[in-house]
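All remarks here apply to the structure that follows.
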Amino acid sequence: FRNCISESSVLIEAKVGEAKLIGTGTMFKLYNPRNFPFGTVGVLTVRHLVDGADAVRISFVGRSADEPSIRKKFSFSYTKGDILVEHHPDSKVDLCLIIIDKDLKASRMSGKEILYSVMEMSVLADEKFYLSQLPLDPVVMVGYPKGFLDEFNLQPIFRRGVYATRPSL
């Protein structure tokens, strides 16, 4: 499960004017009967990170065909006009999916293998889970706080903590 979490976490950098915003995204497969009836792979992140951004860069861990045993950092870069984003249907929910299917395919064709695991709805916590969580219950957080990453292993940062309040609040 640890590899699944680390390989589904990506670093996102957005540029808005002169400001640089940094966040985390999760590889996710979206099934939407209207737009994606067979599913599409994207990066799930907070909408406020990419909305209005002049440029967005998503960094992944991968391997190249010429050195398959060495992990490398690869990036997909987008400008305001070429990024494809699917927003959450409820505008009050601060989530969006950056569609990257075509970039993943192009990367494979050029000899770059992006290492990733895709999350689906079935692995997300449901309301019953959140209601069962209490303050001081343990939680593991995965991501790139302030853009930090494990430079040696090219992995996100894992931190343990506890809930301060009930997550269901």
Side-chain angles (χ1 to χ4, degrees), residues 2-32 34-68 70-121 123-124 140-159:
R2 182 181 188 279
N3 281 346
C4 181
I5 295 293
S6 67
E7 289 181 358
S8 67
S9 300
V10 299
L11 174 65
I12 302 173
E13 299 165 279
K15 187 168 176 151
V16 180
E18 294 301 313
K20 182 178 175 184
L21 308 173
I22 297 174
T24 299
T26 303
M27 297 292 289
F28 199 81
K29 187 155 190 178
L30 174 70
Y31 296 95
N32 176 326
R34 182 175 47 93
N35 297 336
F36 310 108
F38 303 107
T40 188
V41 176
V43 174
L44 187 67
T45 190
V46 290
R47 181 184 354 201
H48 70 267
L49 179 62
V50 296
D51 271 4
D54 301 313
V56 174
R57 182 172 61 197
I58 304 171
S59 296
F60 305 84
V61 175
R63 297 185 182 107
S64 60
D66 58 334
E67 296 179 297
I70 299 174
R71 295 167 65 98
K72 296 181 179 183
K73 183 175 164 185
F74 296 108
S75 299
F76 296 154
S77 295
Y78 305 94
T79 59
K80 188 184 288 189
D82 66 358
I83 190 167
L84 181 57
V85 178
E86 180 80 9
H87 290 89
H88 192 281
D90 182 347
S91 62
K92 295 177 186 170
V93 177
D94 187 26
L95 287 177
C96 68
L97 189 75
I98 303 169
I99 309 300
I100 61 168
D101 268 343
K102 290 179 184 174
D103 298 306
L104 287 173
K105 289 175 188 165
S107 180
R108 269 192 302 269
M109 297 297 286
S110 69
K112 298 174 187 168
E113 176 193 6
I114 302 296
L115 302 176
Y116 68 94
S117 296
V118 176
M119 299 288 187
E120 295 188 10
M121 292 296 289
V123 299
L124 298 180
V140 175
M141 297 157 285
V142 180
Y144 299 91
K146 297 184 179 181
F148 294 123
L149 72 145
D150 175 350
E151 292 281 350
F152 182 77
N153 297 302
L154 296 175
Q155 294 290 305
I157 303 297
F158 284 73
R159 290 285 182 250

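Excluded from the calculations below are hydrogen atoms, water molecules and symmetry mates; all remaining heavy atoms, backbone and side chain alike, are included.
Taking every heavy atom of both residues into account, Val142 and Pro156 meet most closely at CG1-CG, 3.8 Å. Summarising the geometry of Arg63 relative to Pro68, their closest heavy-atom pair is CD-O, 2.5 Å, with the distance given to 0.1 Å. Of all heavy-atom pairs spanning Thr45 and Thr24, the tightest one is OG1-O, 3.1 Å. Of all heavy-atom pairs spanning Val85 and Cys96, the tightest one is CG1-CB, 3.6 Å.
Rounding to the nearest 0.5 Å gives a distance of 9.0 Å between CD of Glu86 and OG1 of Thr40. Rounded to the nearest 0.5 Å, atoms CE (Met141) and CD1 (Ile157) are 12.0 Å apart. The distance from atom CG of Leu21 to atom CG of Leu49, rounded to the nearest 0.5 Å, is 6.0 Å. The line from CD of Glu113 to CZ of Arg71 is 10.5 Å long, rounded to the nearest 0.5 Å. In this structure, CG on Leu115 lies 12.5 Å from OG on Ser8, to the nearest 0.5 angstrom. Ile58 contributes atom CD1, which lies 10.5 Å from atom CD of Glu13 (distance to the nearest 0.5 angstrom).
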Query - Derivation of the side chain to side chain contact (heavy atoms under 4.5 Å, CB included) call for His87 and Asp51 - result: CA-CA 10 Å; His87 290 89; Asp51 271 4; 2.9 Å; yes

Query raised in the report: Which is it for Phe76 and Ile114 under the side chain to side chain contact (heavy atoms under 4.5 Å, CB included) test, yes or no, and what are the steps along the way?
Result: CA-CA 11 Å; Phe76 296 154; Ile114 302 296; 4.3 Å; yes

Query raised in the report: What's the verdict on side chain to side chain contact (heavy atoms under 4.5 Å, CB included) for Met27 and Val43, showing C-alpha distance, side-chain angles and the deciding distance?
Result: CA-CA 5 Å; Met27 297 292 289; Val43 174; 3.8 Å; yes

For residues 103-111, dump all side-chain donor-acceptor pairs below 3.5 Å to protein atoms at least two apart in sequence or in another chain.
residue: Asp103; atom: OD2; partner: Tyr78; partner atom: OH; Å: 2.5
residue: Ser107; atom: OG; partner: Lys112; partner atom: O; Å: 3.1
residue: Ser110; atom: OG; partner: Ala106; partner atom: O; Å: 3.4
residue: Ser110; atom: OG; partner: Ser107; partner atom: O; Å: 3.0

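Side-chain atoms of Phe60 and Ile100, non-hydrogen and from C-beta on, do get closer than 4.5 Å to each other.
Using a distance-only test at 3.5 Å, with no hydrogens or angles considered, a donor-acceptor pair links the side chain of Arg47 to the main chain of Ser91.
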